[in-house]
Amino acid sequence: MSRILCLWFPRWPLERLLAAQPELRQHNVLLYEQTPQGTLRIVAATAGSARPGMSLAEGLAIAEGKDSEHQSPIHLESHDPWADRQALVDLAEACRCYSPTVGIEDAPRPDCLFLDLTGLAHLHRSEAALIEQMIGKVSSRGYMPSAAVAETIGAAWGIAHCGASENPQSAIRNPQSLSSLPVVALRLPEETLILLSRLGLRRVGQVESLPREALISRFGPQLLLRLDQMFGRAAETLLTPRVAPQFAAELSFEAPVEDRETIEAACQALIKQLVPCMAARQEGAVQLECRFDGEGATPVRLMISLYRPSASAQHLWELLKLRLESLRLSQPVSTVHLEVLASAPLVWQQQELFATSRRENLTPQVNVLIDRLSNRLGRQAVLRPVLLRDAQPEHACQYLPVAGEMARAAKPHAAKRGRAKQTLPMRSRALAQDERPLCLKNPPRAIKVGLTSEQFPQSVRLAGREHELSRVWGPERIETGWWRSGLVRRDYYRVETITGSRYWIFHDLRRDLWCLHGVF
Amino acid sequence: MPSALNNSKQQVLQALAEQIEQCHLAGSAERELISSGLPALDRCLAEGGLRRGRLMELVAAVPGSGAARLALSAACHACDEGRLLVVVDRRREFYPPAANSLGIALAQMLVVRPNNAIDEAWAIDQALRSLGVGAVLGWPDKLDDHTFRRWQLAAETSGTIGLLIRPAAARSQPSWAEVKLLITPLANSTDRWEVEILRGCRKIGRKVRIADCDHDPSAIRNPQSALI
């Protein structure tokens, strides 16, 4: 009899963020994302009344209402599903001390961990003691899980999400009759749940009692599959992010080595050892870790992220070499360990005899450049700008790291095969707007401005020098941002000095302050 | 007499500059010629435009001269057929919405934010070497000969155009760029810029005035007249 534990984190994106930045616990945090239609919606919020799925403006209005009572500042954060998944994988790794088989939920945005506890209870006195110990460890990291043990993955998931608990303080859900669980416990798509609700089928038992043929014809095969998985009639495999590293290699020296060339040669040899294994399975590395173990000290780790999966020994070595150049090893190295943390199917492209478009041929070159830049300068230094529909100039653009986009789409060893996009995704959209400066000061710098009797700028004082203005365009009123830290009311002017220099300045009407915001 | 000597010296220098230029161009005749985005400037350049695989240096005579805008007009032409525009922005001041409104597709733009001058030079070098990049835009403050020469060779290798916006102090510094322009903004004029060709033309020192078509004169409000 199998024993599967499900740990469900109901507000995983938020918990992950608060665990990473504990200082935000004093804030009213709103996590948002951009929908394909371009609107912003809430993913999770600490504000009690702001619910996931609400528009950001609506959520902010509610949060500001609460804010006036509790005086807690509002913090807006863009949702990062890749970081969520990565944190869940890390947590799965941390739980591996309790069970050799730890898996994550097979979903686009997983928020559950599964542990196979079969035959492990006696090692921790009892199953309950094991679970209590594990929940204690997870809670110490700042997470609040809901836990349930059952004989199948489906049943454990259902009880963790929908099961009742006698003790509200306890995170452990009681095993109960699966038939009494609501149909939501079956992990079904939204449209199937709506259809079941319309037909008055609210409990698993009601669905289970219906003839199987009728269920298939009306709901398709998935409903039956989920039922069978819950009751153990159909097998379901745990999706383990790293059961054992699929691609890993290690090289130990006879005596600890300090010589840089020897260490580099070892790294190169390990890459050459790994690449054929990946190529044989048509997989490429998306994330690679190189670990240097010394004697009795903490190992030094180097992480390499790739924009597109690669099984090219030369490319991987170039990226690793870039990182090695800036690495300072404080002690001799005894072992070099190389491991592919995440891989994805390689993208094969048919070569054209008579190339009609250069676009396809340029993609590999762009991938190589992005990988190089990201690995030397860091993921946060190589960015793709995305326009946002925000009137406040400093919030009209968002930067997204380019590296990791592929890893987000196809993650460790669970990646579905398919062609990846060949070009950078086209998300930006030209906005109709007045001329804006190509250099923006963020934050704006306070300056002194001489005014005419009609309150138009006549001169500006910049870098300790007074500049007379020859021409002024404006004002352009921007009044927005009431949902952020406060209403922004600015009158913007494009000004030209007598030497021809052009600046973008504004008058902050709320604080009666002049600021330089941009340079043309 | 001294003016006659100066004139002959100028002529000799110009003839030598042309010879050097011809030597350079001989090896790059197969490179595609693109427009700088400014027809008036194209007419003044040796070949009627810019060749891929070259550097263009834009020296801003004063801050706020709009040199970046001129550079982006050239970048628009260089980044065709899916080539990337790489903006190396160490100062963290580049504002993509403005570039977008000038016709640059942000999907084809990569913004790189190095932390120091060494990383900046390396990033520009790497971007210039990439075949997938159409143009590289950067604001290097100080440039040594080695770095400059390395960039020139990198650009030649891949056919990428390097657009370097330099402070006024760089005007008299030696350059490895094929074209070096001094951008002086014009005040109270229908023309926006006066562009002096410091390098890269048979008539070095020639000046050309460029109008700013995007500005609507009807929107102009003169602060002096506002006093009345």
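First the proteins, then the strands, lettered A, B, ... as listed; each starts at 1.
With a 4.5 angstrom heavy-atom cutoff, B/R129 does not touch chain A via any of its atoms. Looking at B/S65, the atoms closer than 4.5 Å to chain A (heavy atoms on both sides) all sit in the backbone: N, CA, C or O. In this structure, no portion of A/L516 lies under 4.5 Å from any heavy atom of chain B. Of the atoms belonging to A/S374, not a single heavy atom falls under 4.5 Å from chain B.
Between B/P185 and A/G500, the closest heavy-atom pair is CB-O, 3.2 Å.
Judged by a 6.0 Å distance limit and a 45° cone about the ring axis, B/R113 is positioned over the six-membered ring of A/Y399.
Your options are A/R372, A/R376, A/K441, and the one with the most heavy-atom pairs under 4.5 Å with chain B is A/R376. Contact count against chain B (heavy-atom pairs under 4.5 Å) is highest for A/L440 among A/L440, A/L369, A/V519. Options B/A60, B/P63, B/A68, B/A99 differ in how many heavy-atom pairs under 4.5 Å they form with chain A, and the most are formed by B/P63. Counting heavy-atom pairs under 4.5 Å between each of A/L373, A/V368, A/I498 and chain B puts A/L373 at the top.
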Verdict with supporting geometry, B/N188 and A/R471, side-chain contact (heavy atoms from CB on, under 4.5 Å): CA-CA 7 Å; B/N188 244 337; A/R471 285 188 290 184; 3.5 Å; yes
A/L383 vs B/L110, side-chain contact (heavy atoms from CB on, under 4.5 Å): CA-CA, chis, key distance, verdict: CA-CA 6 Å; A/L383 306 158; B/L110 202 64; over 6 Å; no
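Between A/C439 atom SG and B/D89 atom CG the span is 7.5 Å, to the nearest 0.5 Å. A distance of 6.5 Å separates CG in B/L84 from CD1 in A/I370, rounded to the nearest 0.5 Å. Annotation: the span from A/E394 atom CD to B/Y95 atom OH amounts to 7.5 Å, rounded to 0.5 Å. Atom-to-atom distance recorded for B/R192:CZ and A/E496:CD is 6.5 Å, nearest 0.5 angstrom. Rounding to the nearest 0.5 angstrom, the gap separating the CG atom in A/L387 from the CG atom in B/L106 is 4.5 Å. Here CG of A/D371 is found 11.5 Å from CD of B/Q126. Values are rounded to the nearest 0.5 Å.
Of the candidates B/V87, B/L137, B/L72, A/L438 forms a side chain to side chain contact (heavy atoms under 4.5 Å, CB included) with just one, namely B/L72.
Heavy atoms of other residues, nucleotides or ligands lying less than 6.0 angstrom from CZ of B/R92 number more than 12. Shown here is A/E466, whose CD atom has more than 12 heavy atoms of other residues, nucleotides or ligands within 6.0 Å.
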